[in-house]
Amino acid sequence: MSQPTIESILQEKRIFPPSSDFSRTAHIKSLEDYQKLYDQAQANPEAFWAELAEKELHWFQKWDTVFDWSNPPFGKWFINGKINISYNCLDRHLTTPRKNKAAIIWEGEPGDSRTLTYAQLHREVCQFANVLKSLGVKKGDRVGIYMPMIPEAAVAMLACARIGAPHSVVFGGFSAEALRDRLIDAQAKLVITADGGWRKDAIVPLKPQVDKALADNACPSVENVLVVQRTQQEISMQTGRDHWWHELQKTASPNCPAEAMDSEDMLFILYTSGSTGKPKGVVHTTGGYNLYTHITTKWIFDLQETDVYWCTADVGWITGHSYIVYGPLSNGATTVMYEGAPRASNPGCFWDVIEKYGVNIFYTAPTAIRAFIKMGDQHPKARDLSSLRLLGTVGEPINPEAWMWYHEVIGGGKCPIVDTWWQTETGGIMITPLPGAIPTKPGSATRPFPGILADIVDLEGNPVADNEGGYLVIKYPWPSMMRTVYGDENRFRRTYWEHIPPKDGKYLYFAGDGARRDEDGYFWVMGRVDDVLNVSGHRLGTMEVESALVSHPAVAEAAVVGKPDEIKGEEVVAFVTLEGTHQPSEELANALKQHVVQEIGAIARPGEIKFTDALPKTRSGKIMRRLLRNLAAGQEVSGDTSTLEDRSVLDKLREGN
Ligand code: WTA
């Protein structure tokens, strides 16, 4: 693990307080109100969460104990409480004026669109839950979801939640190989997919990838595949195993009461990258996750009844789970789902969607903002964006220039920006401005959400001084924290709780990010301190890409590092040594890039392959990635090189650069 570097990334020194207009109607109206909530939560977290759980959610049966931490790091929330998140997202709105309010507004490609009201969504979900049941899916069975950004993805998730079958959504851009690994690890009983989906002006095949993942009985647990007809190209359907969604949905009963789930029953598994080759299955449970995503959506996005809310993430990532589907629907909001992505052929696509639906709250990633900056101000300027009242970002640190552009060009200088720091593991947003209360500083995620005790410490767990870099930790459990790594409790302990050992019996959650806190208590997240890259806001393990590379017959060894990239944040650079008589060539470099796409997916495609005779290693055989990072970025090699086994390797790499 490398020590986070301490550098000030702040070039914009101005502070942006919320306007009094915004604060007046906001859920949390002032810094004092925020501080009051924060102090209250810190003084008695259990009372704080219990009060919100009671007020904000429907429970079939109330819990006996708010929180159990008798077996750390395995926490439990709302013990013996009975709840169903699909009920909270749907049924409870039907007896209110929200019944015929738009729940999901979907903007598809090319030019398709569809709106589902709460009543319609409820009906679809109930019917689909019955389809799942008819195929033998029971409470506790895992269901794989590999879908494009279409309303059926949300229907599938909610239907699984309704009958208590944990879903495992796999991003539609992942390869058949990546899908297979995840289906095997989760032991999925059924897979829901589509014939294809739209990605940047082209149809990407999905069902054929599922066929490939399941070929040769590679996933024996999978009994059935459900296929949504989306792009209408020819696909093959295996009799007995594969079924068309629309055919079964048509005859399914719309009557399906939500299962009373235990608060701690598993809601979903979502795979994410870590420091080792194999992605880990992050497990989230029901009650705590429902509460935390609900209240963070409400307060951070300051949701009001008439708001049109749009988060541009994909449901394949945690942001899509928490802030397209569960958080907004639990609040009875109108959530926009968009199938497209920013691209040169349609440089105004996001702004068109905002104008078309009068979006009020817009949540996206810095990488998208930077891509739009490059495409030019003329595109947003040609659209009416005056409906916007709040902007958000997530996924990586936002550079102050991008923040300022977002603020001025998109927000017209009047919208607060919530820069939200969180992770797949945290379930919901952890550090963020509350938009009516906390003045923002471009580039800072500002302050922890009430109930979140964030700190910056050294490797012994000692707090570091203001403005000194260190490791970001959370000192007290929160309701939506991950419960374990699916099937691997030791990995859960090792990854999150042992880098920094418990201090005075108190457990510190290790986030894997470096950060500093300034004199105003504002957090500045600097990026990962482990071997995890952040490419266009997507998490990617260097070891995953390395294993993909060495599975190619020409490759002997591979070391992957991130190189700073203006748009993507980081780009994948691979240093590769070749087997036997293989010779470096551009064709081979391209073949290796394609091989990584094949093994993982396009998000992992290396930007550059650097062939080398040897990799720089320590005497104990560890690859010195720090040196490779310097070389990839075209910088002088910095820091200690005395542990290098063979200095000439470094000299050669430098020459080749
Ligand atoms: C990074 C995405 C700086 C961070 C929700 C974290 C951020 C990883 C921010 C989690 C932010 C996320 N500022 N860095 N506002 N938000 N990150 O699991 O490195 O896909 O550890 O969850 O993204 O990525 P994940």
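The residues of the chain are indexed from 1 along the displayed sequence.
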Expected output: side-chain [X] to main-chain [Y] donor-acceptor under 3.5 Å:
{"X": "Arg483", "Y": "Lys76", "result": "no"}
{"X": "Thr542", "Y": "Asp531", "result": "yes"}
{"X": "Arg493", "Y": "Glu498", "result": "no"}

Which residues share a side chain to side chain contact (heavy atoms under 4.5 Å, CB included) with Asp201, sequence neighbours left out: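 Result, side chain to side chain contact (heavy atoms under 4.5 Å, CB included) vs Asp201: Arg343, Ser345.
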Side chain to side chain contact (heavy atoms under 4.5 Å, CB included) involving Pro208 - partner list, sequence neighbours excluded: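 With sequence neighbours excluded, Pro208 shows a side chain to side chain contact (heavy atoms under 4.5 Å, CB included) to Pro205, Ile235, given in chain and number order.
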Does the side chain of [X] pick up a donor-acceptor pair with the side chain of [Y] at under 3.5 Å?
{"X": "Tyr323", "Y": "Thr296", "answer": "yes"}
{"X": "Glu489", "Y": "Thr484", "answer": "no"}
{"X": "Tyr271", "Y": "Thr424", "answer": "no"}

Could you pull out all residues at least two apart from [X] that satisfy ring pair (Phe, Tyr, Trp, His ring centres under 6.0 Å)?
{"X": "Trp421", "result": "none"}
{"X": "Tyr146", "result": "none"}
{"X": "Tyr486", "result": "none"}
{"X": "Trp245", "result": "Phe128"}

Side chain proximity check, Trp497 to Tyr509, heavy atoms < 4.5 angstrom: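 Counting from C-beta outward, Trp497 and Tyr509 do come under 4.5 Å.
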Inter-residue atom distance Ile603.CD1 - Phe174.CZ, 0.5 Å rounding: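 That separation rounds to 4.0 Å.
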Residue pairs passing the ring-ring contact (aromatic ring centres under 6.0 Å, His included) test where at least one lies in residues 584-627, sequence neighbours excluded: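 Those involving residues 584-627 are His552-His595.
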side-chain contact (heavy atoms from CB on, under 4.5 Å) between Thr272 and Lys280, intermediate numbers included: CA-CA 6 Å; Thr272 191; Lys280 40 189 182 218; 4.2 Å; yes
For [X], give me all partners under salt bridge (charged side-chain N to carboxylate O under 4.0 Å, His left out), at least two apart in sequence or on another chain.
{"X": "Lys475", "value": "Asp455"}
{"X": "Glu599", "value": "none"}
{"X": "Lys207", "value": "Asp211, Asp242"}
{"X": "Asp185", "value": "Lys278"}

Working for side-chain contact (heavy atoms from CB on, under 4.5 Å), residues Phe575 and Glu557: CA-CA 8 Å; Phe575 291 83; Glu557 264 193 311; over 6 Å; no
Whether His284 and Phe268 hold their rings parallel, tilted or perpendicular, with breakpoints at 30° and 60°: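 Plane angle between 30° and 60°, so tilted.
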Show me the donor-acceptor pairs within less than 3.5 Å that the side chains of residues 215-226 make with the rest of the protein, sequence neighbours left out.
{"unit_1": "Ser221", "atom_1": "OG", "unit_2": "Ala188", "atom_2": "N", "d": "3.4"}
{"unit_1": "Ser221", "atom_1": "OG", "unit_2": "Ala188", "atom_2": "O", "d": "2.7"}
{"unit_1": "Asn224", "atom_1": "OD1", "unit_2": "His243", "atom_2": "NE2", "d": "2.8"}

